[in-house]
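Report on the following structure.
Since this is a predicted model, take the numbers as computed values, not measurements.
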Amino acid sequence: MARIHALLYCAERPLSTDEVMACLDVSRGNANMNLRSLVDWTLVDKTHRSGSRKDYYRAETDVWQITARIIEERQRREVHPVRSRLEECANLLVQDGASVEEHLESERTLHQRLTSLIDLLKVLEGVSEALLPLVRNRDVDQIEQLLAVALRRGESESTPSSSDPS
């Protein structure tokens, strides 16, 4: 899919499925399936030419729009469903109001691991939700400021303090 998207992004005009197949040496099924996915992700538009019955495809060329759409779709299709399923699994371990502490050690360990994954996904969702409006608005200055703060914070946490004996 990435190769097809790159081809359409670089093309100066909309391309037909046949042209995509010929340029990338992919099967019709592969081209159709991935073009349909790119249209679903709103990264590519399907167009028509007068006098032709073929469908033609044109990629969005605004990298900020592309990035925003990818963030949105990854969240919707991947992160949210995974977090939801992990929460369901974690909840199965503590049904009927029982405390996780009342379970076997292996179940407590599994619950803790699931909870850690859920917490990480929540953080990633938060980062995406904070970043998305800045990407949509092409706010390079704000994005750079956030990155600088994050990098400084990461450096300060990885640098041992003077009172640290190691």
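Summarising the local packing, CZ of Arg74 is surrounded by 12 or fewer heavy atoms from other residues, nucleotides or ligands at distances under 6.0 Å. Annotation: Arg58, atom CZ; neighbour count of heavy atoms from other residues, nucleotides and ligands within 6.0 Å does not exceed 12.
Contact record, Leu38 with Ile4: CD1-CG2, 3.7 Å, taken as the closest heavy-atom pair. The shortest heavy-atom contact between Leu7 and Cys23 is CD2-CB, 3.8 Å. When all heavy atoms of Thr17 and Ala31 are compared, the pair lying nearest together is CG2-CB, 3.9 Å. Ala90 and Ile118 get closest at one heavy-atom pair: CB-CD1, 4.1 Å. The shortest non-hydrogen separation linking Ile143 to Trp64 is CD1-CZ3, 3.8 Å. Here the closest heavy-atom approach between residue Val79 and residue Glu125 is recorded as CG1-CG, 3.5 Å.
Arg69 contributes a side-chain N or O that, together with a main-chain N or O of Thr42, makes up a donor-acceptor pair within less than 3.5 Å. A donor-acceptor pair is defined here as one N or O able to donate and one able to accept, closer than 3.5 Å; no such pair exists between the side chain of Ser52 and the backbone of His48. Ser84 places no side-chain N or O within 3.5 Å of a backbone atom of His80 that could act as its donor or acceptor partner. In this structure, the side chain of Arg49 does not engage the main chain of Tyr56 through any donor-acceptor pair within 3.5 Å.
Note that OG1 of Thr67 is 11.0 Å distant from CD of Glu72, once rounded to the nearest 0.5 Å. Between the CD1 atom of Ile70 and the NE2 atom of His5 there is a distance of 6.5 Å, given to the nearest 0.5 Å. With rounding to the nearest 0.5 Å, the separation of CE in Met33 from OG in Ser27 is 8.0 Å. Note that CZ of Arg76 and CD1 of Ile71 are 15.0 Å apart. Values are rounded to the nearest 0.5 Å. Rounding to the nearest 0.5 angstrom, the gap separating the CD atom in Glu73 from the OG atom in Ser37 is 10.5 Å.
With hydrophobic clusters built from ILVMFWY side chains whose heavy atoms lie under 4.5 angstrom apart, Leu121 does not share a cluster with Leu131. The hydrophobic cluster containing Leu35 also contains Leu24, counting ILVMFWY residues as joined when their side-chain heavy atoms lie under 4.5 angstrom apart, directly or transitively. The hydrophobic cluster containing Val127 does not contain Leu120, counting ILVMFWY residues as joined when their side-chain heavy atoms lie under 4.5 angstrom apart, directly or transitively. Taken together through direct or relayed side-chain contacts under 4.5 Å among Ile, Leu, Val, Met, Phe, Trp and Tyr, Leu114 and Leu92 form parts of separate hydrophobic clusters.
Between the side chains of Glu105 and Thr109, no donor N or O sits under 3.5 Å from an acceptor N or O.
In summary, Glu19 and Lys54 do not engage in a salt bridge, as defined by a charged side-chain N under 4.0 Å from a carboxylate O.
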Carefully, step by step, assess Thr47 and Tyr57 under the rule side-chain contact (heavy atoms from CB on, under 4.5 Å).
-> CA-CA 6 Å; Thr47 64; Tyr57 299 89; over 6 Å; no
